[in-house]
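Remember, it's 1-based here, ligands and their atoms both numbered in the order they're listed. The chain is numbered in sequence order, starting from 1. What you see below is based on every heavy atom in this structure, not just the backbone, and it leaves out hydrogens, waters and symmetry mates.
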Amino acid sequence: MIGFTLRDGQWACDGVPVAEIAGGTGTPVYIYSAGLIRGAYAALDAAFAAYPHTIHYAFKANSTLAILRLLRGLGSGADANSGGEIEAALRAGFEPAQIVFTGVGKTRDELDHAVALGVKAINIESDGEADRIDALARARGVRARVALRVNPDIDANTHAHISTGQRFNKFGVPIDFAAALLRRLAGRTGLDVVGLHVHLGSQILDVGPLGRAARALADLTREVRDAGLRLEHIDMGGGLGIGYDGSPHGSPAEYASAVVPAVRPTGLHLLLEPGRFLVAPAGILVGRVADTKAYSGCPRFIILDTGMTELIRPMLYDAFHRIVEVTPRAGDPQEYDVVGPLCETSDTLGHRRELGPVEVDDLVAVLDAGAYGFVMASNYNRRRMPAEVLVDGGTWRVIRKRQSYGDLFRNEE
Ligand code: LLP
């Protein structure tokens, strides 16, 4: 029994009662299903089976080492976005040749480290960055493997905060300037231009723009065919969305049928950098009801011991996450605002949600929280980072302890 299910009156993760886990760890706690991660990886991999491809899991979605090791074991490579994520990759056992290094605003130190390691590709964001990588590589007497991140000026039809592929976004080199830059880079002794890269945005449910972006990169490949580059791959970035309302997930098959026909004529290896699709549905955030209040003329509130410090998505993107009672009580549902304990009105996990009767100390779970959940947590209000648990094969274990107060003050004078 894989996944999060409501059976015999309580929610379980891969058959293990959520209440049992939360009772053991305390709350707030993130709980992940290894089985769901394996299933999502297999589904995506299978959808692209007809074309040579490599999945480079986007660490930014969730970079807890146990999750990284699980994905590495499935054959995934790494998409790292910072020096810290490169370090996470190495600690989780990835080889440098399995790491692509993306990110707008990489520092000189980060670039030098990536050059020294010899990562599979550093995704170049600008002319200036290309020059800096070239110089760093020549100083070390090596050639750095690089890919050019192209900004194709395509609207991904997603939330403006997570849309990255339009002219006015800070990411990549505008497509009109890409061919000229590629020709310039072909002669550099410190660079091997091995790929083209694009990332349109995140939580994309309409695969049309992804297909258009793939065609744009394929066209660019043709345009620079005679430039003397040794292109090996096209990296389509991440972005495949999921159904946060419980509807079927974004479809890997549709995704593949939008991208593969565009890339096939180039003959280049295809890289994918999925984050959300692999881990979002595989995680929940569990909190406990700290208080309730209902005054006439005001919303009825459920106040949890978890909120924006653990899961900021609802506040930052107006994101919808389903919220359920872990052990539903009998009785008529009511409409509640489900809020956190922080001193901010924006600390609201769900507006006007129908839940059954809820009492103080009951457990509540926020679903589809496996991506951009823990990784975006903060210590605001001196709150401690929550614990994380992985359920695998019917047993659970803590993969990250809750921060202690010692951890919280460790680096201070
Ligand atoms: N590759 C690059 C270069 C990226 O910037 C991203 C995400 C990904 C891959 C993975 O995208 P995914 O497959 O997960 O959509 N915090 C936001 C999402 C930010 C995504 C940033 N880039 C959220 O909670 O919705």
So what's ligand 1 close to, N/O to N/O, under 3.5 Å?
from, atom 1, to, atom 2, distance (Å)
ligand 1, 1 (N), D79, OD2, 3.2
ligand 1, 1 (N), E273, OE1, 2.6
ligand 1, 5 (O), K60, NZ, 3.4
ligand 1, 5 (O), H199, NE2, 3.4
ligand 1, 13 (O), G239, N, 2.8
ligand 1, 13 (O), G275, N, 2.9
ligand 1, 14 (O), R276, N, 2.8
ligand 1, 14 (O), Y372, OH, 2.6
ligand 1, 15 (O), S202, OG, 2.4
ligand 1, 15 (O), G239, N, 3.3
ligand 1, 16 (N), Y317, OH, 2.7
ligand 1, 24 (O), R313, NE, 2.6
ligand 1, 25 (O), R276, NH1, 3.3
ligand 1, 25 (O), R276, NH2, 2.8
ligand 1, 25 (O), R313, NE, 3.3
ligand 1, 25 (O), R313, NH2, 2.9

On a heavy-atom basis, the closest approach of A61 and V375 is O-CG2, 3.4 Å

The test is side-chain contact (heavy atoms from CB on, under 4.5 Å); show your working for F409 and R382 and say whether it passes. CA-CA 9 Å; F409 296 98; R382 284 282 187 192; 3.1 Å; yes

(message) Please check this pair: side chain of D14 against backbone of I2, looking for a donor-acceptor N/O pair closer than 3.5 Å.
(response) no

- Between F59 and F94, does the ring centre distance come in under 6.0 Å? yes

Cut-off 3.5 Å, no hydrogens considered: what does the side-chain donor-acceptor table look like for residues 188-200, sequence neighbours left out?
from, atom 1, to, atom 2, distance (Å)
R188, NH1, D131, OD1, 3.0
R188, NH1, D134, OD2, 3.2
R188, NH2, D131, OD1, 3.0
D192, OD1, R143, NE, 3.3
D192, OD1, R230, NH2, 2.6
H197, NE2, E273, OE1, 3.2
H197, NE2, E273, OE2, 3.1
H199, ND1, G238, N, 3.0
H199, NE2, G201, O, 3.4

So that I can tick it off, tell me whether D112 and K106 are bridged by a salt bridge, with the cut-off set at under 4.0 angstrom between side-chain N and carboxylate O.
no

